[in-house]
Amino acid sequence: MRCKEYIFRLTSGQLAESGLGVKLAARYHCLLCPRCRRFTRNNRQLDKLLDGYRQHLKQPDQQP
Amino acid sequence: MQAEFDLGRWAAQWRKPMLRFARLHLQPDEEAEDAVQDTLLAAAAMDVSRLQQQDPRPYLFGVLRHKITDRLRQKYRPEVSLSTGFEDDLDATLFQADGHWVPDMVPAVWVNPEVHLQSDQFFRVVDVCVNQLPAKPARVFSMKELLECEAEEICATLGLTKTDYWQCMSRARKQIQLCLDQKWFNGEGR
């Protein structure tokens, strides 16, 4: 698995739906590739940031 | 004595954030206004004591979500679907022909990103990054991440194949990570 394929599967959500073989290949790639490891860490953080953004959008208007 | 509940003031308090939320998904503005108005009318029909006692957000934004997806479903009926192919030109910037990263294109690791959730300026940068997405990935991304729709509902509403959906989500998440890195975490925004 090359970086482009790994990143596509990760960011599309396809990886989460994949079978064991693909998940193992992805995990192996990530172990070997520091760039994809960095991107993956940030991708996980992005989930938390987007959750915060979603909550921020729902804040009531404080002005009278 | 408990103060009388001012429904008009309560609605004014929630109208602006609901409109801000609806505008992310519906254009023109009149569509977003209509969805918000329908939601507030539904709330006004409720027992007022319930509105006073609890956080109204789950109810208000839950109803608003349905109003938005109903309108999107009407707009993107199968005969006017978005299922033309989407070419991800971003990959040509990020990856070499052999599928490996172009050196220096990967963002550095974000350190303590959650502390930035206290910053209004950070959210303005997120707004910019989301609004810079191409139209089709933006539509898919906002339904998934902001309306919290499942993939199947997104595909059915927008007339997409699962492959289209994956391509749009991938483009959106790659671009947003790069944008936040450039404009906030390791770049110009702070």
Side-chain angles (χ1 to χ4, degrees), chain A, chain B residues 9-10 12-18 20-21 24 56-58 60-61 64 88 91 94-96 98-101 103 105-110 112-114 116-118 120 122-123 126-127 130 141 144-148 151 162-163 165-174 176-177 180-181 185:
Chain A
M1 188 181 285
R2 296 290 170 92
C3 302
K4 182 177 174 180
E5 181 188 350
Y6 170 77
I7 295 298
F8 175 78
R9 288 183 184 270
L10 175 73
T11 51
S12 64
Q14 202 183 68
L15 187 59
E17 300 175 18
S18 296
L20 184 59
V22 171
K23 285 181 175 173
L24 284 173
R27 189 173 175 115
Y28 183 68
H29 173 85
C30 214
L31 280 171
L32 297 179
C33 180
R35 291 178 178 140
C36 285
R37 272 202 306 279
R38 275 191 349 229
F39 193 96
T40 303
R41 280 185 67 178
N42 288 349
N43 190 64
R44 268 200 295 272
Q45 296 294 347
L46 183 58
D47 282 334
K48 297 176 189 173
L49 295 175
L50 290 173
D51 187 55
Y53 180 60
R54 210 163 38 237
Q55 300 310 316
H56 165 77
L57 288 172
K58 296 177 183 178
Q59 290 303 311
D61 188 15
Q62 298 301 332
Q63 292 178 11
Chain B
R9 189 170 180 173
W10 180 90
Q13 183 187 24
W14 289 105
R15 183 181 170 277
K16 205 169 174 182
M18 290 170 64
R20 188 171 59 223
F21 189 83
L24 290 172
R57 274 174 289 188
L60 283 178
F61 284 91
L64 181 59
D88 191 353
D91 277 355
L94 298 179
F95 301 105
Q96 300 169 17
D98 62 359
H100 292 298
W101 283 98
M105 288 307 298
V106 185
V109 171
W110 297 340
N112 294 327
E114 289 173 43
H116 303 286
L117 294 176
Q118 308 306 318
D120 282 346
F122 173 70
F123 288 124
V126 178
D127 281 339
V130 170
F141 174 83
K144 177 73 171 85
E145 302 292 357
L146 304 182
L147 285 179
E148 299 180 88
K162 198 69 184 283
T163 303
Y165 167 85
W166 283 325
Q167 286 173 340
C168 288
M169 278 304 299
S170 179
R171 169 57 182 263
R173 288 189 72 103
K174 284 183 298 205
I176 286 182
Q177 185 178 142
L180 286 176
D181 190 70
F185 289 105

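We name chains A, B, ... by the order of the sequence lines, and we start the count at 1 in each one.
With chain A as partner, the option from B:Phe21, B:Phe61, B:Tyr165 having the largest number of non-hydrogen pairs under 4.5 angstrom is B:Phe61. Counting heavy-atom pairs closer than 4.5 Å to chain A, the top residue among B:Val109, B:Leu94, B:Leu117 is B:Val109. With chain A as partner, the option from B:Glu148, B:Met18, B:Arg15 having the largest number of non-hydrogen pairs under 4.5 angstrom is B:Glu148. Among the candidates A:Met1, A:His56, A:Gln45, A:Glu5, the residue making the largest number of heavy-atom pairs closer than 4.5 Å to chain B is A:His56. Counting heavy-atom pairs closer than 4.5 Å to chain B, the top residue among A:Gln55, A:Lys58, A:Arg2, A:Lys48 is A:Lys58.
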B:Val126 vs A:Leu49, side chain to side chain contact (heavy atoms under 4.5 Å, CB included): CA-CA, chis, key distance, verdict:
CA-CA 9 Å; B:Val126 178; A:Leu49 295 175; over 6 Å; no
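Looking at B:Asp127, both its backbone and its side chain come within 4.5 Å of chain A, counting heavy atoms on both sides. A:Gln14 touches chain B through backbone and side chain together, each having a heavy atom under 4.5 Å away. Heavy-atom distances place no part of B:Ala172 under 4.5 Å from chain A, backbone and side chain included. Heavy atoms closer than 4.5 Å to chain B are found nowhere in A:Asp51, neither backbone nor side chain. Residue B:Lys144: no heavy atom, backbone or side chain, is found under 4.5 Å from chain A.
For the residue pair B:Ser170 and A:Thr11, a side-chain donor N or O sits within less than 3.5 Å of a side-chain acceptor on the partner.
Once rounded to the nearest 0.5 Å, the distance linking CD1 of A:Ile7 with CZ of B:Arg173 reads 11.5 Å. Here the CZ atom belonging to B:Phe123 is positioned 8.5 Å from the CD atom belonging to A:Gln59, to the nearest 0.5 angstrom. One distance of note links SG of A:Cys3 with CG of B:Asp98; it measures 8.5 Å at 0.5 Å rounding. Taking CD1 from B:Ile176 and CG from A:Leu50, the interatomic distance works out to 6.5 Å, rounded to the nearest 0.5 Å. The CG atom of A:Leu57 sits 6.0 Å away from the CZ atom of B:Arg20 when rounded to the nearest 0.5 Å. In this structure, CG in B:Leu24 is found 5.0 Å from OH in A:Tyr53, a value given to the nearest 0.5 Å.
By a heavy-atom distance cut of under 4.5 Å, A:Arg35, A:Cys36, A:Arg38, A:Phe39, A:Arg41, A:Asn42, A:Asn43 are the residues of residues 35-43 of chain A near chain B, going up by number.
With A:Phe8 as the partner, the side chain to side chain contact (heavy atoms under 4.5 Å, CB included) test is satisfied by one option alone out of B:Gln167, B:Arg171, B:Met169: B:Gln167.
The shortest non-hydrogen separation linking B:Pro17 to A:Pro60 is CG-CA, 3.8 Å.
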